[in-house]
Amino acid sequence: MSDINRRDFLKFVGAGGVGAGAGFYLADASKKTVEYLIPQVVPPEDYVPGVASWYNTVCTQCDAACGISVRTKEGRAKKIEGNANHPVNQGGLCARGQAGLNALYNPDRVRTPLLLEGGRYREISWDRALTELGRRISSLRIQNQIDKVSVLSNTQSGHIGELLDRFIQLLGTDHYAQYSVTAPHAIQEANRISFGEPTLPYYDIANADVVVSFGADYLGTWLSPVHYSKAYGKLRQGRDHRGTTVQFESRMSLTGANADEWHAPNPGSEGLLAMAMANVVSRSSAVADAGAWSQSLSAYAPSRVAEQIGIDADKIEAVANAFASGNGLALAGGSALAGTNGVAVQVAVNVLNYLGGAIGREGGVIFNSDGPASKAASFAQLTEFAQQLGDRGTEVLMLLDANPVYDLPQSAGFSAAIENVPFVVSVNSFLDESSAMADLVLPLDTYLEAWSDASPNPGVGFSVSSIAQPVVQRVFDTKSLGDIVLGLSAQIGSELPIELPWTSAEEYLRGVWLDNYLAAEPGGNEKSFETFWRSVLSAGVVGQRPASVGGANVSLNSSATSGMDFGVGDFSGSESERPFVFQPYESVMMGVGRTANSPWLQETPDPLTSIVYGSWVELNPATAKELGIREGDLLEVASDSGTLTAPAFLYPGIRPDVIAMPMGQGHTEYGRYAKDRGVSPTRILSDLTDSRTGALATAATRVSISKTGERHGLIKNDGITRTLGRQILGPHSGGH
Amino acid sequence: MTTSVMGLFDYEDDFLAAARKLKDAGISDLTLMSPIPLHDAEKVLGLGSSAIRRFYLIGAIIGAVSGFALATFSALSFILPTGGRAIIAIPPFLVITYELTILFGVIATLIGFHVVSGLPAWRDKPYDEQTNVNQFSVSVELGEGKDADRIGQIMSSAGAVNVKQVEV
Amino acid sequence: MSEATYQEPRWDEVNRDVLATMLNTGPRYWWLLGISITVALVCFFGPWAYQLYVGVGAAGMNRSAVWGTYLSNFIFWIGLSHSGTLLSAVLHITQSDWRKAIYRSAEAMTLFSLMTAAFFVMVHVGRVWFVHWSAPIPNEMDLWPNFRSPLMFDVMAITTYLTASSIFIYMGSVPDFAAVRDASTGMRRRLYTIFSFGWRGTAKEWHTLGWAYTFFAVFVIPLAVSVHSIVSWDFAMSIVPGLHHTIFAPYFVCGAIYSGTAGIVTVMFIIRKYLNFERYIREIHLDNLGKLLVVLSLIWTYINIMEVFTTWYGGSSFEMEALKWRLTGFYAPLYWEMILFCAAVPLLMLSKKIRCNWKYMLIISILINIGMLTERFIIVATSLPRKFLPDSYGFYFPSGVEISITIGSFAIFTTLFLIFVKWVPSVSIYEVKETLKPLKRGSVEARS
Amino acid sequence: MSIVEKYKKYRKAGYFDKFDYHWGMTIDLDRCTGCEACVVACTAENNLPIVGEENYRLKREIKWLRIERYWDGDYPDAKLNFIPILCQQCDQAPCETPCPVGATYHNQDGLNTQIYNRCIGTRTCAVYCPYEVRYFNWFTYKWDAPLEQQLNPDVSVREKGVMEKCTFCIQRIRDAKDTAKDEDRRRVRDGEVKPACVQSCATEALVFGDLNDPDAKVSKLYKDKRGYKVLEELNTAPSVVYLKKVKAHV
Amino acid sequence: MSISVLDALQPFKKAVFIGLFGLFGLVVGVWANTTYFSDKAPVQPINFSHQIHAGENEIPCMYCHAHAATSTSAGVPSVEKCMGCHKAIATDRPEIQKLTNYWNNREPIPWIKVHDVPDFVYFPHKRHIQAGLECQQCHGDVQNMAVVTRVSDLKMPFCVDCHTEREVEHGRDCWTCHK
């Protein structure tokens, strides 16, 4: 290489240098990123990394109180499954129950106590928060103005509920209410009238032959869906002969979709229908006073009332006969009980059950569950409560896990009333509509972090109770309701701390259970209790299914139907200008809105429409055709008490004169997943109530619909929901 | 350092004539250059079928074998059953075989071309640029028993427009 | 320049004219190159980079239509690549002289559309940074590609095709590289010396080249046919209604040659016009290609009719649905546009007047390729979203990124072609000379 | 094993070894109520991402198990049918053969498996699958903290450009096998493994088990006269058998 | 003018040499990095010596890594466990005092992983221990290491080769190790 001079040589060296640099960098870049290995400082007992441990507790996503087992690994909850030993759900669990983890790990949870200062929330310590609140309350107490303290709570069952009641009682304020939007007022009232039992009976669907349901969506949302689903599975294929189900409702619910027969009576005529069936049944009824009944029911011969009901007389006859011949079981719920005549309908159904001999019979209605009479306030009472807030000049309003602003129609007047309360405290896991108006927000544990206990109501035919224990360390700086109550009473001072001597909800709970245990077990002592307590915790439930589920024999008051009007109830709005009956229904995913902040549920298609994210208006294709409405057209739904707009969905399973809408969406707060998504149908409901219970008649509003001209494509899974003659549903399943 | 005599021709027939004459004169190592392939020129040099065919054949065979082998052995190196089909599935493997046969065949032919034609020409050779435009040339490398003048004379007699000695 | 006044170029003129296009290029060329490179960067590589960053979700595909424009464009470009080499090879073997003026640019087209197609594979896959796993490279995991997969057929076929056709075009241009070498100086001369392997045009060299070239031609024909059959199998091997047809392989091959030939016409027009090859590329070429196009369009139409007929005759719910959707669904307008451009319009070329008119032919050839582009799109976009379960029926519409990348791909092709024009004689010098009057006493007079 | 033996053995089509287990499922459409509990269970168990409103609108949801709806007739005789569609774990799976890198294959348990970190995302399998149960990660999806604390450590979180599908909760199968080994059992007991969907089903419509075990509940239901396989005519030999819904009237 | 290819190649000679030198440099660079800046033996927050514990004092591995035989992860001893001994033993050493600080502040010790498998790999320690493997087969002779050093990259071939030669049941099935 003669012709290589110094400059070339430098070039070579330079190239070498650059190459070396590059090589060094490459090798560095290809190295693994540093992974740390963080040990426990002090390992909790039974902690094994890489091995899952299961904790049994109780689900509170709805009021059914299913037992759940939570799988935890490295101290984090990974999966919620039904507790196989729990008689309510026997291992099954609904979508909402599964999504409990979204509540636990929700990014929008309130993480520390928040105090409103200068229009903005400031994070403060628990001590500060409780002192602040305690100070205000005790000062009011000292001034004898304790009735200026108002407490509105979500229904609190179990002993924590009792603790709360006790606390309020000691506090001395009489302005205290609990409520639940789904509380079955009508059923309880009707049962009181018919049988003198103001409770929820046990419906033994599993062993019935013909289940006739008047609007009760027992597979989707009614009372205890998972338990009934288990029963349904048994009814269909779990026994020697397959039971049949019939559904009467104006809008096909999940249960209706699965029923062998689905019929849509005129809205509100379910009472008549039940009576008509009772009329048929009474002819062949085996009950003692059947004769008398067939007399009094003569007015309701199917041929006479079929017109008002809107179902052929012989169809009614057929169903009734089937009901009578086999083990018939009649249920009522949903829109059927949500009219102004709800109680009447349930009474009629009771009559039907009675004449069918379903009362106390296996495969029938069994009155033996020791479920407490409902503490839930009715809509009328709540309106009164809101009224009172102003009238008595409430100084401090405590909202315990309650969200009246969203749950109730504007006509209840809560948002206005809360505005005028000087100091509003909201105890809640999330910043929902009501909490957003509060001056002080106390972050509440989710049910997976708190101690409590529960007995299912409606029961399962025998007495059951279970303890809810924390399954993970608290994710944020939150407290359970029990702890807050106890902490607060300590702050308020005077006799409260003496009366409520416990330092924590857990201690309180153990105390109560110990007392009950010692009362129940003659030879019991602290030691044996310890084992009992642990066994309950590990089993997640106490209470065994007896050999046979007998019912207390209750008989129907002959006067039950006296003075009852079984006719189609009242509706707000004139039929002429508001041609459609508006039926909001409890959404399978969102319930009445408490689970709307779960991303999983937001993204899980609605079982019947496959729609996700947002709300929609269901109307019959025929109606739509008439009005020139296509799917996704933005409709304006107007009632006498308001209007809303939502996209249309053509739903083959709904009466042409009925419009239905799912509840649960349309939050204006409540975290990123729920906020500003869809609309809530409750907003435009009239304030009509059931005269007997004062419960809001959600299905008693008439509306008119009109196209806004805009379109808002629905987000849904379904492409074409016809099989196009393909044998997807099985050979020769036909269908086009 | 060799010298060769090069004659340039305007016309194809002159050029061929010169070539033949030289051949008759017992000069065999002629280099005939033309802007286009001329079969007559090849005839003069007696070029029949080319050795390149063997390359193609060998290449194709190697390709076929290695193609099937590749597919087979890679399938066996990790047994991943798919869709209940055979692990060594002949029909699909034949496609691979087919493609590789052609690939190797083509590459072999390329190699063959270089081997047979003696390209690339590493060092300089007698050449006149006009022969790639519109002239024809015959060039003879001088050695013992080759008289430059005589060769030149034969060329010009055949009608060479220009006879020169080229040193490379 | 009409045939009557046509006067054929002298041999030295051939060199001059052809080399002129390489040795002295005006500013117009550089402008064009600059623009097409910019477009390629902005419309293709930009969006692609974005897509690499966020994920393939940047495109409009979804769970029911997991394949989209990227794949349809891939087929289109592969299709365009046919006929280039294939035609050249066929015509070489059948020794039809009219090939000689046009085959170089045609083969170039093959090469570059293949490269563009290869780009689309990269754009299509979800994790392009692992795409080397689909190449048979020995690795420590001793995991190999799955040669039972139609996609692997593709990988092998396209690699082979790319190699073969690049060698084919290179071999053909070695003597011309020599010509460039002789006409140039300095660095360019050095480069072309290397490119041409020091070619002298000796009888020996010509002889070997001739043999080699013929062999290449012989390989390339079955290869080209196999390549597009295999591309069609990517679809036909699936059981998707509307794709699972035995006729797909011939359908694709014929379609490919069809669009390729049309492409040649377009390219021919441009070269002839902007590189002043009026004297080399002439009505005769247009005429022959026109005839070829008519024949191909007829075959193509026939296959299309057969596809519909067999489906209708078979009458399976799945196939019928797919067909109905294709003929009357959302994309029906595209379908009928395709029929119009690819089946109806070409029939105009039955008249010699139109066939021999550059302007008409340009328009027709472009229309045909638009039609073929949409054909590929329809195949993908109407079948995949509607398979077997009606409830899962979906819909596909390309996103902005996809459209932009589609446009960009044309820019890539143009860029490559412009570079080719600058570096390789776009008309084969020596083979044109073969078609001219031989330099024999009597046949031509001595130069003045 | 010599190359010749190997050749002889692997030349045959079909499965050259009997499946160790042959996991199968039956879905009783007469029990299924379409309540979607299984869908959420699957989401929770397998770290399925939350794709968000816009992606859902584009039909890019990821639900390894979905419930399809088919209407019969019109009002007032409208009838709605539900059918859960999950990967049918076909023994002659059309989706397996076309994968160029062998990221999806049939393992010795009769499972149609997908190796996420081998996938290069050609999406061919999804095209070839007639049941459309393969789902593609169009983006790398994020979980808003602290939601990520719920992620199941036994299932890897998939990155963008990767195909994913129902695995019959293979991580649970694996755990069950581990337990069996720890207890010196060769086989997993019937009912010991329950995929998330099966476990959550309140009506017990879904039954899961080993088809090689003649006494397993699933094997018995497999022979039920109502049983059929979806798109059987495509000869994909699914491992999932559906029990046809009973049509009845009072 | 010359038509020789060699002559034509002359000017490219230097470029080629530059390329070669660059390549050579690259190799050197990679080598240097991997040899002298290797992350095989990271610097730990506390300079813990397995040699003293496992080697000289012959504490069995599973005394500290208690879960190796029963769980997927071997488990790293809790600070409490360390203190169990070091409340009394060698309390004066600076490293032990570091430990004591951690303990007093109730802080975990941020050990750096030496042997680590990617997230998509399912590696149950218990299966391998129960199969009779020695810890050393993957982790090397830890008892002789003052500073723990990675002895095997734990890449796929490492696992598969062992599975193959020990003829592990379904040892070459992807889902045996991947998740």
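Treat the numbers as computed from the prediction; the structure is a model and nothing was measured. Naming convention: chains lettered A, B, ... in sequence-line order (proteins, then strands); numbering from 1 in each chain.
Using the six-membered ring where Trp is involved, Phe216(C) and Phe168(C) have ring planes that are perpendicular, over 60° apart on the 30 and 60° scheme. The aromatic rings of His115(E) and His139(E) stand perpendicular to each other, their planes meeting at an angle above 60°, with 30° marking the opposite boundary. Between Trp133(C) and Phe130(C), the two ring planes are parallel [angle under 30°; tilted spans 30° to 60°]. Between Trp211(C) and Phe215(C), the ring planes are tilted. Angles from 30° to 60° get that label.
In this structure a side-chain-to-backbone donor-acceptor pair under 3.5 Å is missing from Gln51(C) to Trp48(C).
Between Tyr430(C) and Trp206(C), the distance separating the two ring centers is shorter than 6.0 angstrom.
Looking at Asn139(C), neither its backbone nor its side chain comes within 4.5 Å of chain E, counting heavy atoms on both sides.
Put simply, of Arg200(C), Met141(C), Met187(C), the one with the most heavy-atom pairs under 4.5 Å next to chain E is Met141(C).
Residue-level contacts of residues 57-89 of chain E with chain C do not occur; threshold 4.5 Å between heavy atoms.
Salt bridge Asp7(E)/Arg190(C): absent, no basic N to carboxylate O contact under 4.0 Å.
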